[in-house]
2 protein chains.
Amino acid sequence: MARRAEIRRIAVRLALDNGLEAATTEAISAAADISRRTFFNYFGSKDEVFSLEPHQWTAEEIVAELRERPVREKPVESMRVVVQSMAAATDFAGFAAEWELLQQLYRRHPELYSRMKLDQADRAIAALVAEFGVRLGVDPAADLYPGMLVNAGFAALQAAENHSRTGDRDLASLIDEAFALLARGL
Amino acid sequence: MARRAEIRRIAVRLALDNGLEAATTEAISAAADISRRTFFNYFGSKDEVFSLEPHQWTAEEIVAELRERPVREKPVESMRVVVQSMAAATDFAGFAAEWELLQQLYRRHPELYSRMKLDQADRAIAALVAEFGVRLGVDPAADLYPGMLVNAGFAALQAAENHSRTGDRDLASLIDEAFALLARGL
DNA sequence: CACTCACATTGCACGGTGTGCAGAAAATGC
DNA sequence: GCATTTTCTGCACACCGTGCAATGTGAGTG
């Protein structure tokens with residue numbers, strides 16, 4: 001597993017230095033001193049080496065987070081806490097240096113970031129909607145509320161992230177503000 | 001341009017009949033009776049032939065739609081109208097038959113749909129946020145409201161779409177309901 | 001040490017996507 | 001009928017991703 005992280009680090013470094021274009025699987029493999037074939041043993045695709053994966057929550061973790069909230073808590077509040085913990089997980093994950101590199105890469109290639117987020121997000125949303133359905137005792141296929149709540153929560157995360165990228169405000173406080181808007185009504 | 005639509009139709013047909021796997025550029029080209037190279041003259045990528053493009057609003061159209069709303073209208077209401085028109089454009093666009101085929105394909109390959117939506121959505125969101133900034137006389141980089149409003153609006157669209165895919169309710173009324181939740185507060 | 005068993009690494013061949021280039025072919029204007 | 005412009009095409013190439021078989025490599029065992 002250390003190997004995997006090592007390759008990832010080298011690949012990101014390479015992409016930042018010579019451009020994403022130049023970071024072919026061949027070049028990455030050479031830089032990491034492994035064969036192209038071995039690269040694909042560690043990563044299922046070239047994209048995967050630039051993914052958020054190690055810094056990103058999984059759908060399961062997120063649902064677990066939600067389960068820990070008191071059932072009687074207001075749903076928006078539960079969602080807020082969940083989103084905050086997603087943001088916290090993404091923001092640091094304890095590997096400040098490595099994460100910093102990836103962030104640079106994403107800043108330079110926003111389309112890459114979008115693609116990466118898409119993966120987990122879709123699954124996480126579905127899982128959270130189901131769980132809220134259970135907690136609220138409604139059927140998400142019949143009641144719009146759970147779906148709207150979760151999607152709006154992710155929208156808040158996205159709005160806050162975009163904002164903190166341009167401005168200099170703290171992500172956590174932006175999320176709180178976004179949720180305040182949601183709770184109060186736009 | 002009729003040619004382009006023709007190729008698209010053939011490609012979608014092929015993917016539905018023989019599976020998305022079998023619909024290689026080679027196979028599509030053969031079925032459309034053109035060379036592989038010519039296929040890439042019409043479409044920049046294989047994905048593009050399965051894109052929402054002809055049934056989809058552009059960022060510019062969406063912003064134009066917003067500009068037509070009275071400035072004093074409540075922002076949520078403006079956003080609701082914009083989203084409704086996006087949904088309407090996506091839903092029919094006058095080509096019921098062709099669109100029906102694409103929908104089948106998307107139903108069979110949800111990941112395809114996600115990827116397709118991502119493209120325009122990112123640009124449309126950015127454009128709408130900027131326009132709301134102007135209309136409301138605030139700087140979107142300093143004020144979270146425009147970003148939150150637009151992202152929440154897209155969240156409403158997504159929630160409504162997911163819902164209408166599983167249930168049988170009318171998309172437009174689902175969108176209205178979603179916006180009612182947003183306006184009132186979750 | 002010799003042996004084997006598990007496992008990571010590698011080379012190779014292949015099928016697929018996407019692009020630049022230059023020539024053929026077809027449509028268009030005169 | 002001929003010239004010009006546009007479209008189509010073949011070809012070569014770089015790149016991604018995968019199956020398969022061979023080759024290390026290292027640990028444990030007798």
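Per chain, numbering begins at 1; letters A, B, ... match sequence-line order.
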Atom pair distance, as rounded to whole Å: CZ in A:Phe43 and P in D:dT18:
14 Å

Can a side chain N or O of A:Tyr42 be found less than 4.0 Å away from OP1 or OP2 on C:dA8?
no

Atom CG of A:Asn41 and atom P of D:dA22: how far apart are they, to the nearest Å?
17 Å

Examine C:dT10: is either OP1 or OP2 under 4.0 Å from a nitrogen or oxygen in the side chain of A:Thr38? Give yes or no.
yes

Run the salt-bridge test on A:Arg69 and A:Glu77 with the 4.0 Å N-O cut-off and return the result as yes or no.
no

Phosphate OP1/OP2 of C:dC21: any B:Arg37 side-chain N/O under 4.0 Å:
no

Once the angle between the rings of A:Tyr106 and A:Tyr113 is folded into 0 to 90°, is it parallel (under 30°), tilted (30 to 60°) or perpendicular (over 60°)?
tilted

Closest to the A:Arg36 side chain: C:dT17, D:dC8, D:dG17?
D:dG17

Distance, rounded to the nearest Å, where A:Glu6 contributes CD and C:dT9 contributes P
13 Å

Round to a whole Å and report the spacing from CZ of B:Phe39 to C1' of C:dT19.
14 Å

Is any side-chain N or O of A:Thr25 closer than 4.0 Å to OP1 or OP2 of D:dC16?
yes

Side chain of A:Ile34: nearest nucleotide among C:dT10, D:dC15, D:dC8?
C:dT10

Just to confirm, is there a sub-4.0 Å distance from OP1 or OP2 of C:dT10 to any side-chain nitrogen or oxygen of A:Ser35?
yes

Whole Å only: how far is the NZ atom of B:Lys46 from the C1' atom of C:dG16?
8 Å

Atom CD of A:Glu21 and atom P of C:dT19 are separated, to the nearest Å, by 10 Å

Qualifying residue, where the test is salt bridge (Lys or Arg N to Asp or Glu O under 4.0 Å) with B:Glu6 and the options are B:Arg9, B:Arg3, B:Arg8
B:Arg9

I'd like to know if B:Arg80 pairs up with B:Glu73 as an ion pair, taking the criterion as any Lys NZ or Arg NE/NH1/NH2 lying under 4.0 Å from an Asp or Glu carboxylate oxygen.
no

Round to the nearest Å and state the distance from B:Ile7 atom CD1 to D:dT7 atom P.
13 Å

Output yes when B:Arg107 and B:Glu100 qualify as a salt bridge under the 4.0 Å nitrogen-oxygen rule, no when they do not.
yes

For A:Asp33 and C:dT9, give me the distance from atom CG to atom P, rounded to whole Å.
12 Å

